[in-house]
Amino acid sequence: MGLFGFGKKKTEKQPKSQEETARLWQEAYRANPEVYQKEGSLLGSCTLTESVDTLLPLHPESQWSANGKPIQDWILSFVSITEKRVLGQMEYQEAMRRLAPFSLAKSEKCVLIPAMSHAQLDGLFEGLPRKLV
């Protein structure tokens, strides 16, 4: 954070009250995990889409399994509406660390990420490769 707030990360939509945060919590898209078979193990994936208020699970590995098997490996995919493509994918807990400054609220299981711009999503990859699994 710089002097006088310069350099602060800001979200595009900051709620003005607890009521607005509660409304966003109710209306936000709830990320639905997808599970894939990859090299003999399971891979879980959630998606964060540009311009969409989203509830993401904090620890999906403790919330979901597939056919009774735990899903240990998780990624978060970042989707651009502007470019109509996947910007990249990131290891899930690394994505949660990078999204923390943007979160509006969280519960034991979920975090509310407000609608983010293309530039904000793109900026999350600073210093990381844009893997596509």
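Just the heavy atoms: all of them, side chains too, but no hydrogens, waters or symmetry mates, feed the values below.
- Taking 4.5 Å as the limit, every side-chain heavy atom of V79 sits out of range of all side-chain heavy atoms of V52.
- At a threshold of 4.5 Å between non-hydrogen side-chain atoms, the residues D122 and R130 count as touching.
- One finds the CG atom of D53 at 13.0 Å from the CD atom of Q26 (value rounded to the nearest 0.5 Å).
- Residues passing the side-chain contact (heavy atoms from CB on, under 4.5 Å) test with S80, sequence neighbours excluded: E50, T82, E83, L87, H118.
- Residues V35 and W64 have side chains not in contact (no heavy-atom distance under 4.5 Å, counting atoms from C-beta outward).
- In plain terms, the two heavy atoms of R98 and L124 that are nearest each other are NH1-O, 2.7 Å.
- For E27, the salt bridge (charged side-chain N to carboxylate O under 4.0 Å, His left out) partners two or more places apart in sequence, or in a different chain, are R23.
- Taking each heavy atom of P33 and A31 in turn, the nearest pair found is CD-O, 3.7 Å.
- Side chain of T21 to main chain of S17: a donor-acceptor pair is present (N/O by atom type, distance under 3.5 Å, no hydrogens or angles).
- Grouping the Ile, Leu, Val, Met, Phe, Trp and Tyr side chains by contacts below 4.5 angstrom, directly or via other members, places Y29 apart from L56.
- Listed here is the closest heavy atom pair of L42 and A66: CD1-CB, 3.9 Å.
- Taking CG of L43 as the reference point, atom CG of D73 lies at 6.5 Å (rounded to 0.5 Å).
- Residues C46 and P57 are in side-chain contact: their nearest non-hydrogen atoms beyond the backbone lie under 4.5 Å apart.
- Between A115 and Q120, the shortest heavy-atom distance links the atoms O-OE1, 4.4 Å.
- Expressed to the nearest 0.5 Å, how far CG of L55 lies from OG of S107 amounts to 8.0 Å.
- In this structure, the side chains of T54 and M116 stay at 4.5 Å or more apart for every pair of heavy atoms.
- Follow the hydrophobic side-chain contacts under 4.5 Å out from F125 and you reach L99 in the same cluster.
- For the side-chain contact (heavy atoms from CB on, under 4.5 Å) test, no residue two or more places apart in sequence or in another chain qualifies with K84.
- Hydrophobic clustering of Ile, Leu, Val, Met, Phe, Trp and Tyr side chains at less than 4.5 Å, counting indirect connections, unites L128 with F78.
- Below 30°, between 30° and 60°, or above 60°: for Y92 and W74 the angle between ring planes is above 60°, a perpendicular geometry.
- Note that CD1 of I75 is 14.0 Å distant from CD of E94, once rounded to the nearest 0.5 Å.
- Put simply, OG on S45 and CG on L76 are 7.0 Å apart, with the number rounded to the nearest 0.5 Å.
- A28 and L112 get closest at one heavy-atom pair: CB-CD1, 3.7 Å.
- Nearest heavy-atom pair across K106 and L58 is CD-CD1, 4.1 Å.
- A heavy-atom distance below 4.5 Å is found between the side chains of R97 and E91.
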